[in-house]
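To start, the structure itself, in structure tokens.
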Amino acid sequence: LFNRLDETFRLCRPAVSVYLALDGPAAKAKLFTQRQRRREKRKSSHGKAKGVDSYSSAQISPGTQAIFRVGDALRYYAISRLQQPRRGLEHLSSLRITVSSA
């Protein structure tokens, strides 16, 4: 996650502020995932689809432990980049970075 954010901030250079917001998957994405899971469950004789990751979309919904951990990681990222920016990210030290997690 940190490497992706660093890469993004190397490509686009915000001038004043950055707002990092977290939310769960979009409603349409949830519906798609739920339908897909139901189809896979019907196909599987044991009730579990083969090759499907055990990470559920319910785990990345607002208010879950996973979202809290990602929010904490984003706050750590913001503080660390403001205090000691990496090469190519010096412009981050003058920004206002806001992190909002659901």
Side-chain angles (χ1 to χ4, degrees):
L1 177 64
F2 292 177
N3 290 335
R4 287 281 183 130
L5 286 170
D6 286 346
E7 183 180 321
T8 300
F9 289 129
R10 282 188 182 100
L11 293 173
C12 70
R13 295 179 169 259
V16 178
S17 65
V18 173
Y19 195 89
L20 302 172
L22 282 179
D23 197 2
K28 195 170 190 172
K30 281 184 179 181
L31 288 173
F32 174 79
T33 303
Q34 188 176 30
R35 285 185 199 137
Q36 186 177 17
R37 235 183 293 135
R38 287 177 182 164
R39 274 189 232 123
E40 293 295 330
K41 199 170 191 175
R42 274 187 256 134
K43 288 180 184 178
S44 173
S45 61
H46 299 288
K48 184 171 181 173
K50 295 177 182 175
V52 173
D53 195 1
S54 64
Y55 200 72
S56 165
S57 63
Q59 293 173 312
I60 57 171
S61 295
T64 61
Q65 193 63 28
I67 290 293
F68 290 134
R69 289 195 341 242
V70 173
D72 289 343
L74 284 176
R75 280 184 278 285
Y76 173 81
Y77 174 84
I79 291 167
S80 68
R81 296 310 186 264
L82 287 170
Q83 291 177 347
Q84 295 178 335
R86 293 183 174 193
R87 183 180 305 164
L89 298 171
E90 293 83 8
H91 61 286
L92 291 181
S93 63
S94 63
L95 292 178
R96 178 178 178 210
I97 301 177
T98 305
V99 177
S100 172
S101 57

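For this chain, numbers begin at 1 and follow the sequence in order.
- The distance from atom CD of E90 to atom OG of S93, rounded to the nearest 0.5 Å, is 7.5 Å.
- Enclosure of atom CD in Q84 is not indicated, since only 12 or fewer non-hydrogen atoms of other residues, nucleotides or ligands lie within 6.0 angstrom.
- The nearest pair of heavy atoms linking R13 to G88 is NH2-O, 3.6 Å.
- Residues V99 and A78 share a closest heavy-atom pair of CG2-CB, 4.3 Å.
- Contact check for R10 versus L89: side-chain heavy atoms found under the 4.5 Å cut-off.
- Taken together through direct or relayed side-chain contacts under 4.5 Å among Ile, Leu, Val, Met, Phe, Trp and Tyr, L11 and L20 form parts of separate hydrophobic clusters.
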Which atom pairs, donor and acceptor, lie under 3.5 Å between side-chain atoms of residues 69-76 and protein residues at least two apart or in another chain?
residue : atom : partner : partner atom : Å
D72     : OD1  : R75     : NH2          : 3.0

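- To the nearest 0.5 Å, atom CD of residue Q36 and atom CD of residue E40 are 6.0 Å apart.
- At a threshold of 4.5 Å between side-chain heavy atoms, the hydrophobic network of Ile, Leu, Val, Met, Phe, Trp and Tyr places Y19 and L82 in two separate groups.
- Side-chain atoms of D6 and R81, non-hydrogen and from C-beta on, do get closer than 4.5 Å to each other.
- The aromatic rings of F9 and Y77 sit parallel to each other, their planes meeting at less than 30°, with 60° as the upper class boundary.
- Residues L22 and F2 share a single hydrophobic cluster, defined by chaining ILVMFWY side chains whose heavy atoms lie under 4.5 Å apart.
- E7 contributes no side-chain N or O that, together with a main-chain N or O of L5, makes up a donor-acceptor pair within less than 3.5 Å.
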